[in-house]
Protein chains: 2
Amino acid sequence: MTEAAEAPTRRERMAQRKRAVILAAALDLFSRYGVEGTTLEAVAQQADVSKSNLIYYFPGKEALYAAVLADVLEGWLVPLDELRPEADPATAIRAYIATKMAFSRDNPAASRLFCLEVMQGAPVLTGRLRSVLRPTVEAKAAVIRHWIEAGLIAPIDPHQLIFSLWATTQHFADFATQIRALRDRDLRDPAFYEESVAHVTELFLQRLRPAGASRSSR
Amino acid sequence: MTEAAEAPTRRERMAQRKRAVILAAALDLFSRYGVEGTTLEAVAQQADVSKSNLIYYFPGKEALYAAVLADVLEGWLVPLDELRPEADPATAIRAYIATKMAFSRDNPAASRLFCLEVMQGAPVLTGRLRSVLRPTVEAKAAVIRHWIEAGLIAPIDPHQLIFSLWATTQHFADFATQIRALRDRDLRDPAFYEESVAHVTELFLQRLRPAGASRSSR
DNA sequence: GTCTATATCCCGATAGAC
DNA sequence: GTCTATCGGGATATAGAC
């Protein structure tokens, strides 16, 4: 017989790969047209499966959306790892901005879908925002507070700092269309990418420089 | 006969008022559920008119959406007026941030709908972004360049500065749900509003302080 | 200008053969 | 696991009376 008890890895790997293809298609379309603006037919077509087959893998549109969002949030959290208490603050902030800007460049659809979900009241994600994002943010706020108390950076509201970092870096993904309309450029242009990273970095390092330090950031 | 050639102002004023009520309802619902996620029935109900009557005023959903967006963009442009060449840069930046933050507080739905439209590729607004927003931004970039050349502020990329200002101020409207999930506060809380304005202002004034100036911003 | 009734279409989901 | 066929619901938009 073809199916034994041991390890159907071959078939399972195929299934996992198919799931990934479907999730990628769904992310792309959801982020561009919204969840309600996207039909399962379109997702199926872009993922190169039949609509019924799509529904076999994800039992309904809501389930598909939830699965996509779970993936998105996971990747969205990664950059925060850069803010470690033992690191040099300036280096850590630089690394954080670089990582987040790279995320905006490489995963604009993920950034947009996250923005969409939050803007609409985070119907699916509210729970996780409170249960996983909130504790993470509190931990990072503590790191920032520690840096302030050690005199390594100027006094600042840690939460406000985090919000501003998010805002400035994600803007390049979420408002890419507007930036293109105004400047005909986006982060995929290496020169514009470098210029943008440098700008955001400078903005925050100037603000965080402790009282006694000299002006230039490099 | 009841209809004469002179001035049916009474009836016209009623009609204008009704249009405004419909537009307000549409803005609220579109911004919360997306355009595709909003039914004309729901708009009609919230505006307290019948669905057929709604369609009488706006011939189709697309037309309604376009009308709402036109209103939104108009209000969205106003704060930029604060950046006048003859003004003191620090005062002008302060005023700009204050105006934009007040807009985020008082018109969060407008901010979100604008964000939604842009994120989805600005299908309706691209033309206007290029034809009206772009020239306005160029004019304001020239003002900033003028300030730099006069030695009134530190050197900075004018467009990047504008993008960062937009990003940080609009974040409070577009990501209000996230901020509430993390901090249980929003801009309608006066203390949080003041704290947020102060934070954003400080962030930019530190960056823009010319080389010779002292550190404190007030 | 405002209403009721309805035409028309499309989408999500199911049933069931293979 | 994958397919075809189809049901059932719901939303936009129109027709036409008042």
Side-chain angles (χ1 to χ4, degrees), chain A residues 1-5 7-23 25-69 120 123-124, chain B residues 1-5 7-23 25-69 120 123-124:
Chain A
M1 298 296 146
T2 46
E3 59 273 53
T9 34
R10 173 81 151 282
R11 174 167 298 181
E12 275 185 6
R13 268 216 312 268
M14 281 283 279
Q16 273 310 106
R17 169 137 179 65
K18 208 160 191 176
R19 276 180 60 95
V21 171
I22 291 170
L23 286 172
L27 170 60
D28 179 54
L29 292 170
F30 284 163
S31 76
R32 287 199 301 191
Y33 306 111
V35 179
E36 323 270 350
T38 301
T39 68
L40 292 181
E41 179 62 46
V43 175
Q45 199 171 325
Q46 181 156 330
D48 211 30
V49 298
S50 73
K51 188 168 67 160
S52 333
N53 198 212
L54 168 62
I55 293 179
Y56 171 76
Y57 280 94
F58 297 92
K61 200 191 215 187
E62 197 59 29
L64 177 58
Y65 178 57
V68 173
L69 263 189
Q120 309 201 349
V124 175
Chain B
M1 299 297 147
T2 46
E3 59 272 56
T9 34
R10 172 79 151 285
R11 172 166 299 182
E12 275 185 6
R13 266 215 313 266
M14 280 283 280
Q16 274 310 106
R17 168 135 181 66
K18 207 160 191 174
R19 276 181 59 97
V21 171
I22 291 171
L23 285 173
L27 169 59
D28 179 54
L29 293 170
F30 283 163
S31 76
R32 287 200 301 192
Y33 306 111
V35 179
E36 324 271 351
T38 301
T39 68
L40 292 181
E41 179 63 45
V43 175
Q45 199 171 325
Q46 181 156 332
D48 211 30
V49 299
S50 74
K51 189 169 64 164
S52 333
N53 197 214
L54 168 62
I55 293 180
Y56 170 77
Y57 280 93
F58 297 92
K61 200 191 215 188
E62 196 59 30
L64 177 58
Y65 178 56
V68 172
L69 263 189
Q120 309 200 350
V124 175

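So that the names make sense, note that chain A is the first sequence line, chain B the second, and so on, each numbered from 1.
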For L40(A), check side chain to side chain contact (heavy atoms under 4.5 Å, CB included) against everything at least two apart and list the hits.
K51(A), L54(A), I55(A), K61(A), L64(A)
Working to the nearest 0.5 angstrom, can you tell me the gap between R17(B) CZ and I22(B) CD1?
11.0 Å
How would you give the extent of chain B contacts on DNA chain D, as first and last nucleotide 5' to 3' within a 4.0 Å heavy-atom cut-off?
dA11(D) to dT14(D)
Heavy atoms only: give me the nearest V68(B)-A26(B) pair and the separation to one decimal.
CG2-CB, 3.7 Å
Mind checking what makes side chain to side chain contact (heavy atoms under 4.5 Å, CB included) contact with S52(B), not counting sequence neighbours?
S50(B)
Please list residues of residues 29-51 of chain A whose heavy atoms come under 4.0 Å from any atom in DNA chain C, ordered by number; otherwise none.
T38(A), T39(A), L40(A), K51(A)
Those residues of residues 52-62 of chain A lying under 4.0 Å from DNA chain C by at least one heavy atom
I55(A), G60(A), K61(A)
Over all atoms of both residues, closest heavy-atom pair of A47(A) and V21(A):
O-CG1, 3.6 Å
Evaluate side-chain contact (heavy atoms from CB on, under 4.5 Å) for E62(B) paired with V124(B), printing each intermediate quantity in order.
CA-CA 9 Å; E62(B) 196 59 30; V124(B) 175; 3.9 Å; yes
Could you tell me whether the side chain of V49(A) reaches within less than 4.5 Å of the side chain of Y56(A), counting heavy atoms only?
no
Decide yes or no for Q16(A) and R19(A): does some side-chain heavy atom of the first lie under 4.5 Å from some side-chain heavy atom of the second?
yes
If you look only at pairs with a residue in residues 28-40 of chain A, which of them pass as a side-chain hydrogen bond (donor to acceptor under 3.5 Å, both in side chains), with sequence neighbours excluded?
D28(A)-R32(A), D28(A)-Q46(A), S31(A)-R112(A)
For residues L23(A) and A67(A), report the shortest heavy-atom separation together with the two atoms involved.
CD2-CB, 3.8 Å
